Amino acid sequence: MALGIYLSGLAEVRPKRHRCYEKNKRGKEDINMNRAWWKEAVIYQIYPRSFMDSNGDGIGDLKGITSRLDYLKYLGIDVVWMSPVYKSPNDDNGYDISDYQEIMEEFGTMEDFDELLSAAHERGIRIVMDLVVNHTSDEHRWFVESRKSKENKYRDYYIWREGKGENTPPNNWGSCFGGPAWEYDQETGMYYLHLFSKKQPDLNWDNEKVRREVFDMMTWWCEKGIDGFRMDVISMISKTKEMPDGEINGLYGSFDPYCVHGPNVHRYLQEMNREVLSKYDIMTVGETAGVTTELAKQYAGEDTGELNMVFQFEHVSDPGKYGKWTDERMPLTELKKIMSHWQTELYGKAWNSLFWDNHDQPRAVSRFGDDRPQYRELSAKMLATCLHMMQGTPYIYQGEELGMTNYPFSSPDEFRDIESIHAYEEWCESGLVSHEEFWPCIVSRSRDNARTPMQWDDTNEAGFTTGKPWIAVNLNYKEINAKTETEDPESVFHYYRKLIALRKEHPVIVYGNYELLLADSEELFVYTRTLEEKKLLVVCNFTDSEVPFSIPEAFVGADCLIANRVERGGEAESRYDEAETVLGPYEAFVLMTV
Ligand code: GLC
Ligand code: CA
């Protein structure tokens, strides 16, 4: 690509060093809708360990990411969110940080990071960092100090409590990764709180010094020129002072009401916004498990001075048989209800983030679509249509744009993820439930499904590494890989490219008002978007059967923006001239009135 193109792109997209919401000039319909670059952007999530290995050690790294930026540029995304790349002993693959201002050795050096950042900016791609500040690693120097003595000046950086008695933790809370949420520390004979693994002690946000340290660290990254933060479990940073036993769920009590959306969470985020975020033109997205639309309007309200948007998890929270573990699907009517509720409730008041999957979730096409060979591509495109036509900022998880699928795990020793390994021990090895019963549930929901290496081509190890990958490559890499997909104009990859391009072309996709049609259908997800005189109709068949459908009158004969059945796009557009039609399996199309 010629240098001139980089440079002209650069002038246009480099963030300005101040926050500025350009007022919308488009009139009444969306009068409350302040425009912002992050509302119009499409974000691509990279899980660095599994994206691209540059030196043959089997682990993805920063140089690997830099080498694939042109691929991302070609896809058309605007922002890359990288899961953590900081120094870490990797108990939870980088979500346990031992130094916020160093790069994980396996991923490279700070020079590699700087190179990645400027190479991304040259291509007009912004870089969003994962900010993991609910907890650190137990190997972080703050914790190493903190555990030394009760008088240590870092003692109060973490949450220490006396046990209830001999061998009895302060309360019955369980951690997210199994086992109790309290760990006894011999040095001082007290317990520390860890909502995740015992190598992830929770920081004490009530300590002003902790907040200062975190804000200074964030400022340091902003000054480096990064473009935003995805904030890990940010809804958990504030805990109640009283810590009573929680309601029993499985073996332990729940910490939920005491540690999630705690008493000072909004105050701390407003402080963070004042001290750091408001000084830079960056974007922020909070991971806020358990969030409701009411709370989201506070966390990410247009003018609450906290975050730009949050991840909500209702649509990926199945009522599991065993905690989160299940092999069942959410009924379509329920999924539509949840997604529509978020679309309508936040409209004009806060901003949605849109996702089907991420590094903590199974693969979208396996979970919500159909990964059998005859339907994989069709259903992957259908899901993409359904999500990318909604209001909010879409997130694409690496490999989703290829229609990558879940991994056919056959034994627990194939798991690498701390959560899956502990869950298997806690539910199965303990005898709570049989292997036969539990296995399909954990296979269907394991986070490792998302963490198998990115499939680049059909060579050894899918072109991810010249060595042995840290986690097995999916067996289907010969059929499903970036090389094949970029060469095939009808691929899932090119369909995503088109969806991304459409979002840039039609403001109605970004800002239009949402309305659900056919709420009771268990087969079809149909909705409209409206911005002034422009109207979109989005039609998605979530089943492998043919389903009759009547195109609403206003859309009969309308333009087709995109369709996943070739015969419906291009030449055969006249098919939309008739109201009565029959949708094929997993068919999706979008019509637009002019
Ligand atoms: C978030 C991350 C997840 C991690 C956890 C603890 O949920 O997305 O991967 O294990 O926080 O940091
Ligand atoms: Ca490597």
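We count ligands from 1, going down the list as the structure has it; atoms in each ligand are counted the same way. In this text, all values refer to a predicted model and were calculated from it rather than measured experimentally.
Of all the heavy atoms of H135, the ones lying under 4.0 Å from any atom of ligand 1 belong exclusively to the side chain. The proximity of R230 to ligand 1, defined as any non-hydrogen pair under 4.0 Å, is limited to the side chain. Counting heavy atoms under 4.0 Å from ligand 1, residue F311 does not touch it at all.
Given atom 5 (C) of ligand 1, the protein heavy atom at minimum distance is F196 CE2, 3.8 Å. Protein heavy atom closest to atom 2 (C) of ligand 1, with residue, atom name and distance, is D232 OD1, 3.0 Å. If you check which protein heavy atom lies closest to atom 10 (O) of ligand 1, you get D92 OD2, 2.6 Å. Remark: minimum distance from atom 7 (O) of ligand 1 to any protein heavy atom is reached at E287 OE2, 2.8 Å. When only non-hydrogen protein atoms are considered, atom 8 (O) of ligand 1 lies nearest to D360 OD2, 2.5 Å.
Ring geometry, H388 versus Y496: the interplanar angle exceeds 60°, so the pair is classed perpendicular (tilted spans 30 to 60°). Taking the six-membered ring where the residue is Trp, W439 and Y424 present perpendicular rings, their angle passing 60° and hence far from 30°.
Other residues, nucleotides and ligands contribute more than 12 heavy atoms inside 6.0 Å of the NZ atom of K324. More than 12 heavy atoms of other shown residues, nucleotides or ligands fall within 6.0 angstrom of atom NZ in K199.
W456 carries R68 over the face of its six-membered ring, with the cationic atom under 6.0 Å from the centre and within 45° of the normal. K321 forms no cation-pi arrangement with W325, by the criterion of a distance under 6.0 Å to the ring centre and an angle within 45° of the ring axis.
Distances from the Ca ion (ligand 2) to each N, O or S atom of D53 single out OD1 as the nearest.
In summary, an N, O or S atom of I59 is located under 3.0 Å from the Ca ion (ligand 2). Residue T465: no N/O/S atom is found under 3.0 Å from the Ca ion (ligand 2).
Using modelled atom types, one finds no donor on one side chain facing an acceptor on the other under 3.5 Å when comparing S444 with D327. Donor-acceptor pairing under 3.5 Å is recorded for the side chains of Y95 and S83.
Listed by number with element, the atoms of ligand 1 under 4.0 Å from a non-hydrogen atom of R447 are 3 (C), 4 (C), 9 (O), 10 (O). Against a heavy-atom cut-off of under 4.0 Å, F177 is close to the following atoms of ligand 1: 10 (O). When each atom of ligand 1 is checked for a heavy atom of H359 under 4.0 Å away, the hits are 2 (C), 3 (C), 8 (O), 9 (O).
A salt bridge is defined here as a Lys NZ or Arg NE, NH1 or NH2 lying under 4.0 Å from an Asp or Glu carboxylate O, and K209 with D156 fails to meet this definition. R141 and D99 are not joined by a salt bridge, as no carboxylate oxygen comes within less than 4.0 angstrom of a charged side-chain nitrogen.
Here the Ca ion (ligand 2) is the vertex; the OD1 atom in D57 and the OD2 atom in D61 give an angle of 170° (to 10°).
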